[in-house]
Amino acid sequence: MSTQVHRRYNPLKNEWVLVSPQRTQRPWLGSKETSSQSYHPAYDPHCYLCPGNMRANGKINPQYADTFVFTNDFAALIPLEHPHTNNSYNTLFQTETASGECRVICFSKQHNLTLADMSEPDISKVIALWIAQIQELGQQYHWVQIFENKGESMGCSSLHPHGQVWASNFLPHTAHQETLNQATYYQQHGLPLLLAYAEQECRKQERIVCENKDWLAVVPYWATWPFETLLLPKFTVTRMPNVSLIQQQSLAQILKMLLVKYDRLFNVSFPYSMGWHGAPETSDPHHHWQLHAHFYPPLLRSASIKKFMVGYEMLAEAQRDFTAEYAAQCLRNL
Ligand code: H2U
Ligand code: ZN
């Protein structure tokens with residue numbers, strides 16, 4: 001099967017991906033972006049995230065020592081006083097009000113670090129901050145999305161190590177899909193989809209990139225991006241605030257392992273978009289939900305050759321060339 005064209009099913013999204021392993025032989029005359037591996041200082045006077053510097057709107061950052069959070073000066077979501085009015089009047093022209101908050105999270109005061117470069121205790125401080133943000137914003141909002149865009153090719157605007165948190169009064173589309181599909185699986189099988197999946201991946205040992213006693217990073221069976229990974233707990237947990245201190249330490253360890261492998265793959269600071277998915281912030285127990293993180297890196301064959309999700313992907317369905325097993329093996333062996 002792994003050398004023939006086939007399709008794989010993504011049970012989390014209820015979507016299919018076309019896998020065409022024979023295509024890796026094709027000639028490539030595509031774009032070669034040059035990777036910028038130049039020198040960067042620990043403090044950059046022109047960076048809007050470095051301690052003590054001025055941001056685009058004139059506000060001054062404090063002299064923070066570890067992490068720093070501020071409300072995004074160009075926020076996509078804004079808190080509304082009365083957000084629940086439904087303005088919809090026509091099935092073909094539906095609208096609803098949206099309310100929320102967007103914040104920027106600086107991972108370190110040091111301008112030239114990435115999460116992969118940071119020590120495990122310092123990564124643990126970022127995890128603690130993610131948890132505090134989820135706890136605070138989760139009291140008010142339905143969904144709290146933690147994410148990081150890294151690298152110019154992922155639209156990241158600054159080299160300074162940072163991520164974002166967007167909280168909303170609505171359940172965004174992907175969160176809604178994952179909720180429905182996990183609930184369906186739970187009804188049919190009596191255990192969380194991603195807990196069952198992690199157990200089977202541990203047994204099969206075909207797509208594991210790295211693991212420790214609490215966590216597992218795999219190239220999922222249904223991966224669409226070439227070196228996509230899914231970070232999964234080996235224990236039952238619906239949300240990040242329910243991860244114990246010990247499990248937060250082992251999370252810092254596996255994050256570091258995974259990100260160092262990514263950087264070594266093409267010998268470049270690996271670009272990606274990553275983010276956390278935990279149970280929606282409502283009072284029901286969400287037994288079907290299992291916390292996880294997605295890593296979506298765009299690189300395909302080198303520091304400069306990216307996978308483009310265009311043409312067939314935009315119009316029909318996702319497609320990949322080499323298999324998830326091959327990608328996992330490349331990362332595992334580093
Ligand atoms: P990236 O994570 O994609 O790099 O985005 C950084 C965010 O930082 C972006 O959403 C915000 C932008 O609006 N920002 C500020 O809030 N203040 C600034 O001075 C510049 C950038
Ligand atoms: Zn900086």
Side-chain angles (χ1 to χ4, degrees), residues 33 35-80 98-119 122-123 125-127 129-130 132-134 136-137 141 143-170 172 174-175 225 228 231 240 255 259 262-263 268-277 293-299 306 309:
E33 288 167 35
S35 63
S36 48
Q37 293 274 54
S38 45
Y39 168 78
H40 298 287
Y43 167 75
D44 176 354
H46 304 293
C47 169
Y48 57 75
L49 300 178
C50 275
N53 287 6
M54 190 190 284
R55 299 209 300 275
N57 65 354
K59 287 188 186 143
I60 309 279
N61 295 328
Q63 287 292 347
Y64 63 95
D66 296 304
T67 57
F68 169 51
V69 187
F70 62 92
T71 298
N72 196 310
D73 301 314
F74 309 95
L77 287 158
I78 291 166
L80 291 180
S99 171
E101 281 179 56
C102 299
R103 295 177 181 170
V104 179
I105 298 178
C106 299
F107 297 155
S108 163
K109 68 172 177 187
Q110 203 174 317
H111 181 80
N112 56 0
L113 291 184
T114 66
L115 273 181
D117 303 323
M118 287 165 59
S119 67
D122 285 347
I123 297 174
K125 289 178 189 164
V126 175
I127 295 169
L129 185 68
W130 285 337
Q133 290 297 306
I134 293 168
E136 183 202 326
L137 292 163
Y141 294 106
W143 183 256
V144 183
Q145 183 60 61
I146 301 275
F147 65 97
E148 178 193 4
N149 295 322
K150 177 167 172 261
E152 258 174 79
S153 58
M154 293 313 283
C156 179
S157 56
S158 167
L159 193 76
H160 198 108
H162 70 284
Q164 300 191 43
V165 49
W166 291 23
S168 60
N169 71 329
F170 58 91
T174 305
W225 292 94
E228 173 178 337
L231 181 52
M240 220 186 320
L255 273 170
L259 296 177
Y262 269 155
D263 284 356
V268 69
S269 185
F270 210 62
Y272 58 76
S273 267
M274 70 79 65
W276 284 97
H277 285 159
H294 297 277
F295 287 81
Y296 298 128
L299 295 185
K306 282 193 298 195
M309 291 287 182

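Ligands are counted one by one from 1 in listed order, and the atoms in each one are counted from 1 as well. It should be emphasised that the depicted structure is a prediction, and the values quoted were computed from it without experimental measurement. Only this structure's heavy atoms are used, side chains among them; waters, hydrogens and symmetry mates stay out.
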Trainee: For residues L77 and A167, report the shortest heavy-atom separation together with the two atoms involved.
Mentor: CD1-O, 3.6 Å
Trainee: Would N57 count as being in polar contact with ligand 1, using the rule that some N or O on each side must be under 3.5 angstrom apart?
Mentor: no
Trainee: Relative to the heavy atoms of G155, which atoms of ligand 1 are at a distance of less than 4.0 Å?
Mentor: 3 (O)
Trainee: Which of the numbered atoms in ligand 1 are under 4.0 angstrom from any heavy atom belonging to C156?
Mentor: 3 (O), 4 (O)
Trainee: Please classify the E148 to ligand 1 contact at 4.0 Å (heavy-atom distances, strictly less than): side chain, backbone, both or neither.
Mentor: neither
Trainee: With side-chain contact (heavy atoms from CB on, under 4.5 Å) as the test, pick out the partner of Y272 among L299, L259, N149.
Mentor: L259
Trainee: Checking H294 against H277: is there a side-chain donor and acceptor pair closer than 3.5 Å?
Mentor: yes
Trainee: What protein heavy atom sits nearest atom 16 (O) of ligand 1, and how far off is it?
Mentor: D73 N, 2.8 Å
Trainee: Return the name of the atom in H160, of element N, O or S, nearest to the Zn ion (ligand 2).
Mentor: ND1
Trainee: Among protein heavy atoms, which lies nearest atom 13 (O) of ligand 1, and at what distance?
Mentor: N72 OD1, 2.7 Å
Trainee: Please list the nearest protein heavy atom to atom 5 (O) of ligand 1 with its residue and the distance rounded to 0.1 Å.
Mentor: Q164 NE2, 3.0 Å
Trainee: What's the ND1-the Zn ion (ligand 2)-SG angle here (H111, C47), rounded to 10 degrees?
Mentor: 100°
Trainee: If you define the side chain from C-beta out and look only at heavy atoms, does anything of K306 sit under 4.5 Å from S153?
Mentor: yes
Trainee: For ligand 1, indicate whether the residue V104 contacts it via side chain, backbone, both or neither (heavy-atom separation under 4.0 Å).
Mentor: side chain
Trainee: Is there a side-chain contact between F70 and L49 (heavy atoms, below 4.5 Å)?
Mentor: yes
Trainee: Could you find the nearest protein heavy atom to atom 3 (O) of ligand 1 and give me its residue, atom name and distance?
Mentor: N149 ND2, 3.3 Å
Trainee: Under 3.5 Å between some N or O of ligand 1 and some N or O of T71?
Mentor: no
Trainee: Do W130 and V165 make a side-chain contact, defined as non-hydrogen atoms from C-beta onward lying under 4.5 Å apart?
Mentor: no
Trainee: For the residue pair D117 and N112, establish whether any side-chain heavy-atom pair is separated by less than 4.5 Å.
Mentor: no
Trainee: Looking at every heavy atom in both Y141 and P79, which two are closest together, and how far apart are they?
Mentor: OH-CB, 3.8 Å
Trainee: Determine yes or no for a side-chain-to-main-chain donor-acceptor pair under 3.5 angstrom, with H160 supplying the side chain and S108 the backbone.
Mentor: yes
Trainee: Going by the order shown, which atoms of ligand 1 are within less than 4.0 Å of some heavy atom of A56?
Mentor: 18 (C), 19 (O)
Trainee: In terms of residue, atom name and distance, what is the protein heavy atom nearest to atom 6 (C) of ligand 1?
Mentor: S157 OG, 3.4 Å
